[in-house]
A.B. asks: 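Could you have a look at this structure, given as structure tokens, before my questions?
Remember, it's 1-based here, ligands and their atoms both numbered in the order they're listed.
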Amino acid sequence: MTIGEFELIRQYFASIYGHRRDVKLGIGDDAAVLSTPKDQHLVVTVDTLVQGIHFDENCAPENLAHKALAVNLSDLAAMGAEPAWVTLSLTIPETDVSWLSTFSESFAKQCQHYDVQLIGGDTCRGPLSITVQAMGFTPDGCALQRSNAKPGDLIYVTGTLGDAGAGLSLLNEQRTDYTRSEKVLIERLEKPTPRLEIGILLRTLANAAIDISDGLVQDIQHIIDSSELGAVIEVKDLPLSEEMLKNYNKKQAQSLAMTAGDDYELCFTVSPENQDKLERILATASCQVTQIGRITQSKGLQLKNSEGLDKNKLSGFDHFTSEKARELNIK
Ligand code: ADP
Ligand code: MG
């Protein structure tokens, strides 16, 4: 069954969770009208997922909707912003109502969970591609930036690292059955959790932050490049999940934790004076945080205790320029 463009928008997107009082006019007109709070800055981000590049054709619509929203909310989390609104630009090859209904239900569920309202978008025909733009707020002057790390800062990460990369290698095996722990790793790839609560708590505690979308080594490089500093990472301190260690040996796991993308954990830096406060405040947060290294005055990235890791993958990391990082970013 197929339906037209306007019926599609009305049926699947116009009625998605719409209860925010700051939305004066939502989906249906030429543009949305929004009320912005006083003394807050608007924080805006956009990300696109393209079939064949970011996901393959077997990816379930439920997971796609989840991920398209989560990767954007993760960017807001890394800025310390509280999300408010999203737009959705959907390019689909055909109006497959079963696909659309699963996609929009999953999208709506996530919007509701984070109290985020879909306020507009665009729909066209073409190879499957999903663009979400997310908007949120931080109090004036509180947005977390990559460029603000200080020499001597402690480097922390949320959650565990490398799980999504492990999930990807498991998915690539294209098996019909996966164990429970393998499924957890695959879910970490397909349904990342944006660390919004932590991002907001970090506003007054952290100096710099980034979300890990391209792998720790590459993303920490963005912090040290833009802060014009260096970093030492203690490889033995990288947090690894139980599920990861069930399926990979320690060295493989550490290698994934350093290089694999798509974890959407936060990496942030905190001055030593704030360490006690940070650990006290985050003790009751929804996920663990782990100290993994320090920011240094001398430039470059040093990986300590990285013996025995895949040297092909790790070589050159000390001299990883941001230009190289950008090249590698092209997936
Ligand atoms: P226009 O042609 O004026 O840009 P459209 O016909 O593209 O408007 O869209 C009509 C309304 O539906 C607008 O409010 C637009 O923001 C919204 N819209 C279109 N596609 C989507 C979508 N995929 N998700 C949410 N809102 C959408
Ligand atoms: Mg118009």
A.B. asks: With a 4.0 Å cut-off, would you call Lys246 and Glu182 a salt bridge?
C.D. replies: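 Here Lys246 does not pair with Glu182 in a salt bridge, since their nearest N and O are not under 4.0 Å apart.
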
A.B. asks: What about Gly121: any of its N or O atoms under 3.5 Å from an N or O on ligand 1?
C.D. replies: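 Yes.
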
A.B. asks: Could you tell me the separation between the CD atom of Gln218 and the CD1 atom of Ile220, rounded to the nearest 0.5 Å?
C.D. replies: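 Result: 12.5 Å between the selected atoms.
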
A.B. asks: Show which atoms of ligand 1 fall inside a sub-4.0 Å distance from at least one heavy-atom site of Thr123.
C.D. replies: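 Ligand 1 atoms under the 4.0 Å threshold to Thr123: 19 (C), 20 (N), 21 (C), 22 (C), 23 (N).
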
A.B. asks: In a check of side-chain contact (heavy atoms from CB on, under 4.5 Å) between Leu128 and each of Leu64, Val50, Thr91, Leu49, which one passes?
C.D. replies: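 Of the listed residues Leu64, Val50, Thr91, Leu49, the side-chain contact (heavy atoms from CB on, under 4.5 Å) partner of Leu128 is Leu64.
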
A.B. asks: May I ask you to list the atoms of ligand 1 that are less than 4.0 angstrom from any heavy atom of Asp29?
C.D. replies: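 Matching atoms, with element in brackets: 11 (C), 13 (C), 14 (O).
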
A.B. asks: Short list, please: which atoms of ligand 1 are under 4.0 Å from a heavy atom of Asp30?
C.D. replies: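 Near Asp30, meaning under 4.0 Å from one of its heavy atoms, ligand 1 has 3 (O).
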
A.B. asks: Give the atoms of ligand 1, by number and element, whose distance to some non-hydrogen atom of Phe6 is under 4.0 Å.
C.D. replies: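 Answer for ligand 1: 6 (O).
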
A.B. asks: For the CD1 atom of Ile224 and the OG1 atom of Thr269, what is their distance to the nearest 0.5 Å?
C.D. replies: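 With rounding to 0.5 Å, CD1 (Ile224) is 11.5 Å from OG1 (Thr269).
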
A.B. asks: Is the closest N or O pair between Gly28 and ligand 1 shorter than 3.5 Å?
C.D. replies: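 By distance alone, the answer is yes.
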
A.B. asks: I need the atoms of ligand 1 closer than 4.0 Å to a non-hydrogen atom of Gly120, numbered in the order shown.
C.D. replies: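 Ligand 1 atoms under the 4.0 Å threshold to Gly120: 16 (O), 25 (C), 26 (N), 27 (C).
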
A.B. asks: Can you list every ring pair (Phe, Tyr, Trp, His ring centres under 6.0 Å) pair that touches residues 123-143, not counting sequence neighbours?
C.D. replies: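 Passing the test, one end in residues 123-143: Trp85-Phe137.
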
A.B. asks: Hey, looking at atom 9 (O) of ligand 1, which of Ile92, Thr87, Ile9, Val132 has the closest heavy atom?
C.D. replies: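 It is Ile9 whose heavy atom sits nearest to atom 9 (O) of ligand 1.
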
A.B. asks: Taking side chain to side chain donor-acceptor pair (under 3.5 Å) as the cut-off, I'd like each qualifying pair that reaches into residues 125-139, sequence neighbours left out, listed once.
C.D. replies: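 Listed by first then second residue: Thr48-Thr131, Thr87-Gln133.
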
